[in-house]
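Working notes, beginning with the structure itself.
This structure is a prediction, so every number in the text was calculated from the model and none was measured.
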Amino acid sequence: MGRLFDWCVDLWDATPGGKLVRMVLAALGAYLVLSIPVGMYWSMTPAEFDPVAAAKEDAQARGLTPATGYTTVYTLNQVMTTLMDKPGGYITNDRTPPGVWLDNISHWEFGVLVQVRDLSRALRKDFSRSQSQSVEYPALTVAEPQFHFDNSSWMLPSSESQYKEGLEALQTYLTALADGGQADAQFYARADNLNNWLADVQTRLGSLSQRLSASVGQKRLNTDLAGEAEATQSTATASEQEVKTPWLEIDDVFYEARGYTWALLHVLRAMEADFGPTLDKKNARVSLRQIIRELEASQDTVWSPMILNGGGFGLFANHSLVMANYISRANAAIIDLRELLSRG
């Protein structure tokens, strides 16, 4: 230890440029060392919250009477607010340590953002309109494109500034929903609207499940044109393909899936409250609760310091396959729920 200390002192004394340069290097070294524990803190994902209770408290604090759709819209707002205000704030577009190193939480943020974008589009296209020829609600025409802004823009403008504008527009719609005097602000809790949004969720979960399952690599038959003899596609592809997620991207896909399912879990809990009568009429509430249960399991604590990628029935776990299992089961339950909602 003494020799190491002497070596550091000699290196310090030999640093060219005098005292000022050494002070700058010392400050830079201290900054980088401090970034390690700060980065670990920033990498912690936010805790879950109860969207139904939180929406009720928010309405009471603002002196509003929650109407149909209030809980769902509030939950969307709260999910996005959590993304912006969690420890470290929004990290994906950071250009300095420790944010620039934190790829896991950045992909978690992207997963949350995908669900925010999908639901904001559904609000503008379906939930807030009674039919295809209805006029869009003005605030939603602002919120939806703002949430679709580039998620990695650092400045001029920054991603945060655009997302905050989207949140302000969403707050306008949320307040109008609870105002009985604004008849143009509506949320239609109909089975067809819910079914349309669930179709988007189904494709997202299906894609995530396939990407997670490819962590160990697998050979897949090409089923792109299955089911229709006359179907064609733009470019010919092999009848059998080997699909494998690159080793360095395995944890990225895992945390993106964690982020998406975290946001989806809260939205579904809110929709159970807003779509309660519709679900009960279709005897579909239990199907929705089964989806929620599978998504809850996807948020269990990861005790390993890294995402393991064991293969087959080996000694080590494969966290991606475990996550894919929960997502696939949730997706199967969504298919059943959509079938119930489509019945008369």
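Side-chain atoms of Asp126 never come within 3.5 Å of backbone atoms of Asn193 as a donor-acceptor pair (strictly under, hydrogens ignored). Between the side chain of Ser328 and the backbone N or O of Asn325, no donor-acceptor pair lies under 3.5 Å. Formation of a donor-acceptor pair under 3.5 Å by the Tyr90 side chain with backbone atoms of Asn151 is found in this model. Judged by distance alone, with hydrogens and angles left aside, the side-chain atoms of Gln146 form no donor-acceptor pair with the main-chain N or O of Leu167 at under 3.5 Å. Under the 3.5 Å distance criterion, the side-chain polar atoms of Thr301 are left unmatched by any main-chain donor or acceptor of Trp303. Of the possible polar contacts, one joining the Thr172 side chain to the Glu168 backbone as a donor-acceptor pair under 3.5 Å is found. Between the side chain of Thr141 and the backbone N or O of Pro138 there is at least one donor-acceptor pair closer than 3.5 Å. Looking only at distances, no side-chain donor or acceptor of Ser207 sits under 3.5 Å from a matching main-chain atom of Thr203. Formation of a donor-acceptor pair under 3.5 Å by the Thr68 side chain with backbone atoms of Asp274 is not found in this model. Side chain of His319 to main chain of Leu308: a donor-acceptor pair is present (N/O by atom type, distance under 3.5 Å, no hydrogens or angles).
Residue Asp200 holds its CG atom at 11.0 Å from CD1 of Ile334, rounded to the nearest 0.5 Å. In this structure, NZ on Lys86 lies 9.5 Å from OG1 on Thr45, to the nearest 0.5 angstrom. If you take CG on Leu174 and CG on Asp179, they are separated by 11.5 Å, rounding to the nearest 0.5 Å. Put simply, CG on Leu321 and CZ on Phe254 are 11.0 Å apart, with the number rounded to the nearest 0.5 Å. Taken from NZ in Lys282 to CG in Asn195, the straight-line distance is 9.0 Å, to the nearest 0.5 Å. Taking OG from Ser298 and CG from Leu205, the interatomic distance works out to 9.5 Å, rounded to the nearest 0.5 Å.
Partners of Arg62 according to the salt bridge (Lys or Arg N to Asp or Glu O under 4.0 Å) rule, which considers only residues two or more places apart in sequence or in another chain, are Asp58. A search for ring pair (Phe, Tyr, Trp, His ring centres under 6.0 Å) contacts involving Phe187 returns Phe127, Phe275, not counting sequence neighbours.
The closest side-chain donor-acceptor pair between Glu160 and Asn93 falls under 3.5 angstrom. Counting only N and O atoms by type, the side chains of Ser153 and Ser158 include no donor and acceptor under 3.5 Å apart. There is no side-chain donor-acceptor pair under 3.5 Å between Gln299 and Arg258. Counting only N and O atoms by type, the side chains of Ser128 and Glu136 include no donor and acceptor under 3.5 Å apart.
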- Task: Carefully, step by step, assess Tyr70 and Leu64 under the rule side-chain contact (heavy atoms from CB on, under 4.5 Å).
- Result: CA-CA 10 Å; Tyr70 189 93; Leu64 301 174; 3.9 Å; yes
- Message: With side-chain contact (heavy atoms from CB on, under 4.5 Å) as the criterion, how do Gln171 and Asn77 come out once you've worked through the C-alpha distance, each side chain's angles and the decisive distance to 0.1 Å?
- Response: CA-CA 7 Å; Gln171 277 285 352; Asn77 178 83; 3.3 Å; yes
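Using a 4.5 Å heavy-atom cutoff, the side chains of Asp251 and Asp103 are in contact. Within the 4.5 Å cutoff, side-chain heavy atoms of Ile327 are placed close to those of Met323. Annotation: side chain of Tyr74 is not in contact with side chain of Lys56 (no heavy-atom distance under 4.5 Å). A 4.5 Å side-chain heavy-atom check between Tyr326 and Leu295 finds every atom pair outside the cut-off. Between Leu340 and Leu279 the shortest side-chain heavy-atom distance does not fall below 4.5 Å. Using a 4.5 Å cut-off on side-chain heavy atoms (C-beta onward), Leu341 and Leu198 make contact. Between Ile292 and Glu296, some side-chain heavy-atom pair lies under the 4.5 Å cut-off. Here the side chains of Leu140 and Leu170 are in contact, with some heavy-atom distance below 4.5 Å.
The hydrophobic cluster containing Leu208 also contains Ile105, counting ILVMFWY residues as joined when their side-chain heavy atoms lie under 4.5 angstrom apart, directly or transitively. One hydrophobic cluster holds both Ile91 and Phe110 under the rule that ILVMFWY side chains link at heavy-atom gaps under 4.5 Å. In the hydrophobic cluster analysis, where Ile, Leu, Val, Met, Phe, Trp and Tyr join through side-chain heavy atoms closer than 4.5 angstrom, Val302 is grouped together with Leu102. Each of Met84 and Val142 belongs to its own hydrophobic cluster when Ile, Leu, Val, Met, Phe, Trp and Tyr are linked at side-chain heavy-atom distances under 4.5 angstrom. Under the 4.5 Å side-chain heavy-atom criterion for grouping Ile, Leu, Val, Met, Phe, Trp and Tyr, Trp197 is not connected to Ile335 through any hydrophobic cluster.
Within 6.0 Å of CG in Asn283 there are 12 or fewer heavy atoms belonging to other residues, nucleotides or ligands.
Taking the six-membered ring for Trp and thresholds of 30 and 60 degrees, Trp262 and His266 have ring planes inclined between 30 and 60 degrees apart.
Heavy atoms only, all atoms of each residue included: Pro157 and Gln162 are closest at CB-NE2, 3.3 Å. Of all heavy-atom pairs between Ser215 and Ile250, the closest is O-CD1, 4.0 Å. In plain terms, the two heavy atoms of Ile291 and Leu337 that are nearest each other are CD1-CD2, 3.8 Å. In plain terms, the two heavy atoms of Pro46 and Trp108 that are nearest each other are CD-CH2, 3.3 Å. For the residue pair Ala185 and Ala176, the shortest heavy atom distance occurs at CB-CB, 3.5 Å. Nearest heavy atom pair, residue Asn318 against residue Gly310, reads ND2-O, 2.7 Å.
Using a cut-off of 4.0 Å between Lys/Arg side-chain N and Asp/Glu carboxylate O, Arg269 and Glu48 are scored as salt-bridged. Salt-bridge check for Glu144 with Lys125: failed, with every basic side-chain N at 4.0 Å or more from each acidic carboxylate O.
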Residues 113-121, side-chain donor-acceptor partners within the protein, below 3.5 Å, at least two apart:
from, atom 1, to, atom 2, distance (Å)
Gln115, NE2, Tyr260, OH, 3.1
Arg117, NE, Phe147, O, 2.8
Arg117, NH2, Phe149, O, 2.8
Asp118, OD1, Arg121, NH2, 3.0
Asp118, OD1, Arg204, NH2, 2.9
Asp118, OD2, Arg204, NE, 2.8
Ser120, OG, Val116, O, 3.1
Ser120, OG, Arg117, O, 2.9

